[in-house]
Every structure is written in C-alpha cells, then in structure tokens.
Amino acid sequence: MSRKSGFFAGLVWGSLVGAAVALLYAPKAGKELREDLTERAHEYKDLAGERFVEYRDLALERAGEYRDLAVEKGVNFYDAANSKTEEIRVSLAKSAQELKDQLVHATFPSKQEEVAEDAETVITEFKEALEQQANQAEEA
C-alpha cells in the first residue's frame, strides 16, 4: 500500500505543479495580448531607430576618415610626382646640354681647326700691321 500512496502523492504533487505552471504561462486575454504585442513592437521600433542612428553615425565617421586618408594619399602622390618630374626635367636639361656640347665638338672638329688657323692668320696680320704702323711712325 505504501507504494500506492507514494504514487498517488506524486500524482497529486505533479498535478499541482503542472497547474501552477499552466497558470503562469497561460495566454492572456486577447486585449491584453494585443496591448503587449503593440508595446513590444514599439520597443523594437525604437530600438531599431536607435541602432540605425548609431550605425549611420559610425558609417559617416568612417567615411570621413577614409576620405581624409584618400586626400592625404592623393596629396602625397601629387607631391612625389611633382618632385620626380622636377628631377627628370633637370636631368633632361643637363643631358641635353651635354649632348649639345658633344655634338658641337664631334661634328665640327675640322671647323675648329679652320677657325684656329683663321685666328692665327688674323693675329699674324694684325701684328704685321702694327709693326708697319710702328715703322712708319718712326720714319715720320
């Protein structure tokens, strides 16, 4: 009998606990349920709005950071390109002058000799003319 009474006691206690749980989790009346659902919907809507503002602000902040970084990189690239362009310009000008000098010396070596011979002739004639002038001045 004691087994039977233990079984019935467990059955009673189980029924009582089940009834209590059922009362706690029982659905609310239709009006109360709609009010709860509406309240929750407003809470989620407000939460979504807050999250949207947070993420929008974060996106705008990051976009500003990336824009500033892009501008900085662009300015650095522009400065480096200008510097390199100036180096190339100076190097080309120097090379052009050196090439010009080489062409003058390489193309006209015979002309240089002619000019040197002509210069020697002019100097000789000038000296002779000076000597004649000096002789004439002494004779006069």
Side-chain angles (χ1 to χ4, degrees):
M1 243 12 248
S2 88
R3 282 187 97 185
K4 282 186 177 180
S5 65
F7 173 75
F8 283 112
L11 183 63
V12 170
W13 276 108
S15 298
L16 288 175
V17 170
V21 168
L23 286 175
L24 289 175
Y25 287 103
K28 298 180 181 180
K31 184 176 182 179
E32 290 177 13
L33 183 60
R34 284 190 300 275
E35 287 174 356
D36 284 350
L37 290 174
T38 302
E39 183 180 323
R40 287 259 169 103
H42 286 298
E43 289 174 5
Y44 288 133
K45 179 185 151 213
D46 293 343
L47 181 63
E50 291 171 7
R51 292 285 191 256
F52 172 77
V53 169
E54 288 175 19
Y55 289 124
R56 183 198 63 199
D57 292 346
L58 180 63
L60 290 173
E61 180 182 331
R62 293 278 168 85
E65 291 172 1
Y66 288 128
R67 184 197 68 231
D68 293 344
L69 181 63
V71 167
E72 180 182 340
K73 295 286 184 183
V75 167
N76 290 344
F77 180 77
Y78 178 80
D79 290 344
N82 276 346
S83 175
K84 196 64 171 174
T85 301
E86 182 61 22
E87 288 176 20
I88 291 170
R89 187 191 66 75
V90 168
S91 176
L92 284 175
K94 183 179 176 185
S95 295
Q97 184 61 44
E98 289 173 358
L99 182 60
K100 181 181 168 186
D101 292 344
Q102 288 175 2
L103 283 174
V104 167
H105 289 85
T107 306
F108 303 110
S110 61
K111 293 288 183 185
Q112 288 178 339
E113 293 175 11
E114 284 182 32
V115 170
E117 291 174 5
D118 288 345
E120 293 275 340
T121 304
V122 169
I123 291 171
T124 304
E125 291 176 359
F126 182 73
K127 285 183 183 178
E128 291 174 359
L130 277 179
E131 288 177 8
Q132 284 179 356
Q133 286 290 330
N135 288 339
Q136 287 177 357
E138 285 181 4
E139 294 177 358

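Keep in mind that the numbers below use all heavy atoms, side chains included, and drop hydrogens, waters and symmetry copies.
Judged as a side-chain hydrogen bond (donor to acceptor under 3.5 Å, both in side chains), the pairs with a partner in residues 58-83 (not counting sequence neighbours) are, in order, Y78-N82.
Taking CG from D57 and CZ from F52, the interatomic distance works out to 9.0 Å, rounded to the nearest 0.5 Å.
Side chains of L47 and E50 form a contact here, defined as non-hydrogen atoms less than 4.5 Å apart.
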* **side chain to side chain contact (heavy atoms under 4.5 Å, CB included) between L58 and E54, worked out** => CA-CA 6 Å; L58 180 63; E54 288 175 19; over 6 Å; no
